[in-house]
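To start, the structure under review is shown below, and the notes come after it.
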Amino acid sequence: MDDDGPPPGFEQPQKHWADEEPDTPPGLGIEADRLAQDLKLIAKVEPDADEPDLTLRLQEGLRDGIEEARITTQSDTIYASAATFEELPLTPEILQGLYVEMKFERPSKIQAITLPMVLTPPFKDLIAQAHNGSGKTTCFVLSMLSRVDPGINKPQALCMCPTRELVTQNLNVLNRMGKYTGIRATSTASETDGKFRKDPITEQVVIGAHGKLKTWASKRVLSLETINILVFDEADEMLKADGFADDSVRLIKEIRKRNPKVQLLLFSATFNDSVKRFAMQIAPTANQLFVAKEELSLDVIAQYNVRCPNRDAKVRVLKEMIFPNCERLGQTIIFVRSRDQAKDLHSAMEKDGYKCTSIQGGMEGSDRDRVVQEFRDGITKILISTDVLSRGFDVSQVTLVVNYDLPVERDQRTPQYETYLHRIGRSGRFGRKGVAFNLVSGFEDEKVVEAISAYFHKKIEEVQWDDEDKFIDVLQKSL
DNA sequence: AAAAAAG
């Protein structure tokens, strides 16, 4: 379950693109050179392969979160990476949204690589892995905006997300980016508690979570006939066997039945080997971009183990070390294992006058919206959460993540590596630094952090649980 | 156990 060894194309020694034989087909050579120069990469071109395959090693790009990646294209199309947004087939209205509303200047690396693949006919499927905070949302939002016709009042783009919060966040990004396009969007989170939509959707873009999307589809509120692009955000979560896989696969099938050429985009920061295989089964002809797991550990986030002598000491660490020192620095998310734990810890802290809020999936949608909005507005600084917010949740002021409970499977001892990476990725957004504390108590916890450290080839330093000077010192680094 | 939820 560890490593498959080098992916195809990686076993042979790498060649510098400039070392290519002169008999490389001219077109291919030029495009590969251009690609290589734009991204400062080493490209190995295999023009003789049955499927044209372009495997690239990125030398630079740490800033954008891709240091080494494997890119596979599965069509005759040779894609040139985009150094600027103008080079992409984007409408003036979309460009205006990018420059004026979003204040973006240039595509990030993942955008430079994947957008040409997605926006160039014949609109092939894509499976793309890239680091937290590297700009995946922009990739699929631009894709959806580009593939819908604002003149047609029918849903044409559909994006599925694992949580209500991600639905709302993605809708906001799309509305901003598409501000000048006249494209309209709706989401399953826009529906207020108790009031249900009955009229058919006329918005061109629909963003939603499983439950309500299923309902909308079965009640004919959402027509699947005209969908030509289908996006899965946090795709590995959406395709996880014991999770959303059944619903996701059914929806893909339903849409493909009506439009076999629907373009499927799968984005995530994590794809473990089994879900990666599954994704490739679902989209066997997709262009692909993958990152080795050793490259995924986020070096911008300083990670520390805090050994606590017992469970009670975890509360003391929160009260005596973290709450007094983190509030003035930035914002903090404390992850716990269960809904009850979120409620209990919240009330335990409040009871003793420690101000914070909490969120978990058992709460009313409107309450969740309010808690998240207060946190985004900076009104609240410390948020206790279950894994509802472990993925994708983007608040740039978050500088500290606390794993009060470590992410483990139901057996309480198998680490959830992907969840760990996603959780700590909530800090250090937008190129900022971040800090993560793992509260460790007991033998089981000890084994879990050891395994996580080994899995990502990442050494995790230690902070004494009662050493306040050290806590302050570490927290300063997140500034 | 969590996530969606008109279940």
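Sequence lines set the chain letters: A, B, ... in the order given, protein chains first and strands last, and positions in each chain run from 1.
Using a 30° and 60° split on the angle between ring planes, A:Phe290 and A:Phe271 fall in the perpendicular class, above 60°. Under the 30°/60° scheme for interplanar angles, the aromatic rings of A:Phe375 and A:Phe393 are found to lie parallel.
Separating the CD atom of A:Gln360 from the P atom of B:dA2 is a distance of 9 Å, rounded to the nearest angstrom. A:Glu191 places its CD atom 13 Å from the C1' atom of B:dA4, with the value rounded to the nearest Å. The interatomic distance linking A:Asp246 (CG) with B:dA5 (P) rounds to 17 Å, in whole Å. To the nearest angstrom, P of B:dA3 lies 17 Å from CG of A:Asp233. We find that CZ of A:Phe196 is positioned 13 Å from C1' of B:dA4, with the value rounded to whole Å. Look at CG on A:Leu213: it is 13 Å from C1' on B:dA6, rounded to the nearest Å. Rounded to a whole Å, the CG atom of A:Asp247 is 11 Å from the C1' atom of B:dA3. Atoms NZ (A:Lys212) and C1' (B:dG7) sit 12 Å apart, rounded to a whole Å.
Side-chain proximity of A:Thr386 to the nucleotides B:dA5, B:dA2, B:dA4 is greatest for B:dA2.
Atom CG of A:Leu230 sits about 8.0 Å away from atom CG of A:Leu266, to the nearest 0.5 Å.
For DNA chain B, the neighbouring residues in residues 404-411 of chain A, judged by any heavy atom under 4.0 Å, are A:Glu409, A:Arg410. Heavy-atom distances under 4.0 Å link DNA chain B to A:Arg337, A:Ser338, A:Arg339 of residues 332-340 of chain A, given in residue order.
By the 4.0 Å N-to-carboxylate-O rule, A:Arg176 lies close enough to A:Glu101 to be salt-bridged with it. A salt bridge links A:Lys314 with A:Asp445: the closest approach of a Lys/Arg side-chain nitrogen to an acidic carboxylate oxygen falls below 4.0 angstrom.
Judged by distance alone, with hydrogens and angles left aside, the side-chain atoms of A:Glu93 form no donor-acceptor pair with the main-chain N or O of A:Tyr180 at under 3.5 Å.
Across all strands, A:Glu237 comes closer than 4.0 Å to base atoms (heavy-atom distances). At the heavy-atom level, A:Arg220 lies nowhere under 4.0 Å from the strands shown.
For the pair A:Lys293 and A:Tyr417, the NZ or CZ position fails the cation-pi test of under 6.0 Å to the six-membered ring centre and within 45 degrees of the ring normal.
One N or O donor and one acceptor, one from the side chain of A:Gln416 and one from the base of B:dA1, sit under 3.5 Å apart.
Side-chain contact annotation: A:Asp236 with A:Gln129, donor-acceptor N/O pair under 3.5 Å absent. Between the side chains of A:Gln169 and A:Arg376, a donor-acceptor pair is found at a separation under 3.5 Å.
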